[in-house]
Amino acid sequence: MLDLKFVRNNPELVQEALQKRGVDITLSEFQEVDARRRELIQEVEQLKSQRNKVSQEVAAKKKAGEDAGEIIAEMKAVSQKIKELDDEVKGLEQRLQEILLGIPNIPHDSVPVGKDDSDNLEVRTWGEPTRFSFDPKPHWEIGEDLDILSFAQGAKITGARFTVYRGLGARLERAVINFMLDLHTREHGYKEIFPPFIVNSDSMIGTGQLPKFAADMFKLEGLDYYLIPTAEVPVTNLHREEILPGEELPIYYAAYSGCFRAEAGAAGRDTRGLIRQHQFNKVELVKFTRPEDSYAELEKLTNNAERVLQLLELPYRVVTLCTGDLGFSSAKTYDIEVWLPSYQAYKEISSCSNFEDFQARRAQIRYRPHPKAKAEYVHTLNGSGLAVGRTVAAILENYQQEDGTVAVPRVLQPYMGGVKVIGK
RNA sequence: GGAGAGAUGGCCGAGUCCGGCUGAAGGCGCUCGCCUCGAAAGCGAGUAGGCAGGAAGCCCCUGCCUCGUGGGUUCGAAUCCCACUCUCUCCGCCA
């Protein structure tokens with residue numbers, strides 16, 4: 001969320017940012033509630049100050065053996081009034097909090113202004129879209145033909161948008177996970193984390209999934225627990241309500257996790273194959289940085305994710321999301337899109353974002369620039385490094401061969417026990 | 001799941017039974033001085049966060065809030081009452 005004082009002091013700037021995002025929120029209620037709250041606080045604090053003073057007097061009188069009945073009776077009324085005002089202030093603060101939690105982050109100046117994904121800006125491409133001398137198949141057909149993916153079994157044992165990986169398919173999924181984790185931990189300097197896949201609502205609020213996007217999450221019945229939609233949630237919340245020593249920054253974490261998404265609004269999109277599932281695997285990269293470093297760190301993080309595709313030799317491009325397509329909590333996002341022959345298009349496989357202090361403020365993650373200095377909010381970043389299911393889909397499609405088999409990318413062969421080709 | 005113990009500042013740890021200069025003793029750690037060629041030891045000083053005001057963006061002053069969280073009792077709560085959360089020990093169960 002944005003800083004209360006920042007919103008108070010820069011309403012035009014916030015309003016402008018909301019407009020660029022195409023979000024329809026006005027700040028008039030915020031301003032009313034904020035002003036009323038401050039007014040009441042001054043009133044109630046004056047009363048509390050009085051009460052504190054008189055309470056001292058009561059203590060003194062009692063000690064001296066004098067009667068304090070009169071002023072005690074007087075304070076009874078004051079205390080009653082304080083209680084009433086406190087309740088009112090609390091109500092206003094709750095409302096203020098709600099309003100603030102509903103305001104998205106302010107896009108960075110370098111983010112292009114635009115309406116939707118058609119206005120996203122292509123930054124660079126790597127490789128060429130794969131060409132075939134035969135008629136290529138979509139990955140869901142390849143997977144079923146080779147008996148390494150079963151959508152029917154997934155649908156039977158659970159439901160739509162669940163998939164069973166079989167044999168070398170299961171092995172390939174696991175190989176991709178291990179390859180990515182090894183790359184990021186050994187070569188890119190990330191510390192490996194294996195988090196819980198279930199978190200409480202405080203964590204979901206900390207990273208911005210709640211309260212706005214409850215409908216996209218799976219909640220455990222009768223409990224304050226949610227299945228994580230991404231490892232970003234548990235990993236970023238690792239340092240919730242902490243003040244980190246400045247010398248520990250930047251912190252890099254890489255985490256594998258299952259990801260669970262209800263995706264309330266996605267019905268009818270990407271209905272076939274591995275692209276949009278209720279459960280999928282992902283290796284996530286998370287960074288905590290000093291504010292002045294966060295944009296340089298975003299470039300590095302994006303490059304780290306790209307490296308996976310380069311080593312897998314999968315063609316891709318990088319786009320900067322425009323203001324209208326930017327995620328709620330993000331100030332700037334690069335999407336990495338891999339070439340998918342079945343879509344005849346680039347398809348998102350990673351999303352790398354700088355949240356600046358937006359998540360840090362919600363989650364109360366701070367650091368001390370110097371041992372004596374006042375604590376400030378860190379900047380948090382994260383990006384997929386990468387989405388595993390989509391990577392497998394991209395491998396199957398881009399590495400398919402005319403005889404129906406699929407070649408295994410060279411870097412994955414050691415992770416596949418030396419298997420070079422997935423065949424029948 | 002059952003029984004018991006506990007949760008206090010960066011850490012350890014008093015205070016809770018008997019509510020009143022205790023935002024909190026003492027110790028450790030850390031920071032800055034003194035000492036030293038330098039270091040250690042020793043000595044001295046300083047060391048939580050938030051909110052609202054103050055012709056005040058950093059500094060400073062005043063007030064308010066915070067002793068796991070949320071309620072309650074009271075003129076007044078770290079201290080009394082209730083609920084919840086978490087941690088530890090024992091038993092049961094399990095991978």
Side-chain angles (χ1 to χ4, degrees), chain A residues 1-13 30-97 99-101 194 196-206 220 222-226 234 237-249 251 290-292 357 360-378:
Chain A
M1 77 184 146
L2 298 177
D3 179 35
L4 174 75
K5 287 175 191 163
F6 178 84
V7 178
R8 180 190 298 154
N9 296 329
N10 305 281
E12 338 63 39
L13 210 155
F30 168 86
Q31 287 166 325
E32 275 166 39
V33 175
D34 179 53
R36 177 73 183 139
R37 166 177 174 265
R38 285 191 287 164
E39 197 179 302
L40 284 182
I41 282 177
Q42 286 177 48
E43 195 179 329
V44 73
E45 286 193 353
Q46 203 177 337
L47 291 176
K48 284 180 179 174
S49 176
Q50 185 194 351
R51 181 182 69 185
N52 288 347
K53 282 204 194 83
V54 173
S55 288
Q56 302 273 346
E57 280 176 41
V58 172
K61 285 202 173 188
K62 288 207 166 173
K63 215 169 204 173
E66 293 173 36
D67 176 53
E70 202 174 307
I71 51 177
I72 285 178
E74 217 174 286
M75 279 307 103
K76 204 162 193 157
V78 173
S79 279
Q80 187 54 40
K81 181 72 180 165
I82 288 174
K83 195 170 285 181
E84 286 166 19
L85 291 175
D86 266 345
D87 285 346
E88 199 176 335
V89 169
K90 197 175 287 177
L92 292 171
E93 288 185 341
Q94 257 168 28
R95 183 65 197 129
L96 261 191
Q97 188 77 1
I99 295 172
L100 278 177
L101 287 175
F194 187 82
F197 294 178
I198 296 174
V199 297
N200 58 34
S201 59
D202 282 343
S203 295
M204 293 290 268
I205 290 169
L220 299 201
L223 295 169
D224 184 38
Y225 285 164
Y226 294 81
N237 279 283
L238 245 28
H239 295 299
R240 174 149 51 84
E241 288 152 50
E242 286 185 10
I243 298 176
L244 302 162
E247 65 269 20
E248 284 185 16
L249 299 179
I251 296 172
R290 291 170 179 264
E292 62 270 26
D357 61 8
R361 185 173 297 106
R362 285 181 169 228
Q364 291 291 309
I365 307 168
R366 290 173 292 182
Y367 79 108
R368 253 181 242 290
H370 311 288
K372 293 282 279 182
K374 208 168 136 65
E376 294 178 28
Y377 292 113
V378 301

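Note that these values count all heavy atoms, side chains included, but never hydrogens, waters or copies made by symmetry. Residue numbers start from 1 in every chain, and the chains themselves are labelled A, B, ... in the order their sequence lines are given, proteins ahead of strands.
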Can you confirm whether A:S55 sits close enough to A:M75 that some side-chain heavy atom of one is under 4.5 Å from a side-chain heavy atom of the other?
no
Between B:C75 (C1') and A:E74 (CD): distance, integer Å:
10 Å
Dot-bracket pairing map - RNA chain B, Watson-Crick plus G-U, both contacts under 3.5 Å, | cross-strand
((((((((.[[[..)....(.....]]]((((((.......))))))(((((((.....))))))).[[[[[..)....]]]]])))))))....
Could you give the CG-to-P distance, from A:L92 to B:A52, as a whole number of Å?
13 Å
Answer yes when A:E88 and A:R36 have at least one side-chain N-carboxylate O distance shorter than 4.0 Å, and no when they do not.
yes
Same-atom distance (P) from B:G76 to B:C91, integer angstrom
47 Å
Rounded distance (Å) that lies between atom P of B:A52 and atom CD1 of A:I82:
19 Å
I want to check something: taking the side chain as every heavy atom from C-beta on, are A:V44 and A:K81 in contact at a cut-off of under 4.5 Å?
no
Answer whether the closest heavy-atom distance between the side chains of A:S49 and A:N52 falls below 4.5 Å.
no
If only side-chain N and O atoms of A:K5 are considered, is one of them under 4.0 Å from the OP1 or OP2 phosphate oxygen of B:G57?
no
Check this for me, if you would: do A:R38 and A:D34 make a salt bridge, where the nitrogen-to-carboxylate-oxygen distance has to be below 4.0 angstrom?
yes
Salt-bridge contact A:E242-A:R366 (side-chain N to carboxylate O under 4.0 Å)
no
Could you give the CG-to-P distance, from A:N10 to B:G57, as a whole number of Å?
17 Å
How many Å lie between CD1 on A:I243 and P on B:C11, as a whole number?
10 Å
Would you measure the distance from the C1' atom in B:G23 across to the matching atom in B:C32 and give it in whole Å?
24 Å
Between the protein and nucleotides 61-68 of chain B, list the N/O to N/O atom pairs that are separated by less than 3.5 angstrom.
from: B:G63; atom 1: O3'; to: A:S49; atom 2: OG; distance (Å): 3.4
from: B:G63; atom 1: N2; to: A:E45; atom 2: OE1; distance (Å): 2.8
from: B:G63; atom 1: N2; to: A:E45; atom 2: OE2; distance (Å): 3.1
from: B:G63; atom 1: N3; to: A:E45; atom 2: OE1; distance (Å): 3.4
from: B:C64; atom 1: OP1; to: A:N52; atom 2: ND2; distance (Å): 3.0

Side chain of A:M75 only, please: which of B:C86, B:C75, B:G71 is the nearest?
B:C75
Flag side-chain contact, heavy atom, 4.5 Å: A:V378 against A:D357:
no
Of A:E32, A:E93, A:Q42, which meets side-chain hydrogen bond (donor to acceptor under 3.5 Å, both in side chains) against A:R37?
A:E93
Salt-bridge test for A:R8 and A:D3: reply yes if a basic N is under 4.0 Å from a carboxylate O, no otherwise.
no
Quick check on A:Q46: does its CD atom have over 12 non-hydrogen neighbours (other residues, nucleotides or ligands) under 6.0 Å away?
no
Sub-4.0 Å heavy-atom contacts from residues 31-38 of chain A onto RNA chain B, ordered by number
A:R37, A:R38
Whole angstroms only, please: what is the CD-C1' distance between A:E43 and B:G53?
15 Å
Contact class for A:K63 vs. all strands (heavy atom < 4.0 Å): base, sugar-phosphate, or nothing?
nothing
Span that lies between the C1' atom of B:U8 and that of B:G27, in whole angstrom:
15 Å
Between A:Q42 and A:R366, which is nearer to the 5' end of RNA chain B once each is assigned its nearest nucleotide?
A:R366
Have a look at A:K61 and say if it touches a base, only the backbone sugar-phosphate, or nothing, with a 4.0 Å heavy-atom cut-off.
nothing
Using side-chain heavy atoms (C-beta onward) and a distance below 4.5 Å, is A:V199 in contact with A:N237?
no
Between B:C58 atom P and A:E376 atom CD, what is the distance in whole Å?
12 Å
So, do A:Y367 and A:E248 sit near enough that their side-chain heavy atoms are less than 4.5 Å apart?
no
Pick base, sugar-phosphate or nothing for A:V54, based on heavy-atom distances below 4.0 Å to the nucleic acid.
nothing
In whole Å, I'd like the distance from the CG atom of A:D87 to the C1' atom of B:G70.
13 Å
Taking the minimum atom-to-atom distance to the side chain of A:Y225, which one of B:A52, B:G20, B:C86 wins?
B:C86
A:N200 side chain to A:S203 main-chain N or O, any donor-acceptor pair under 3.5 Å?
yes
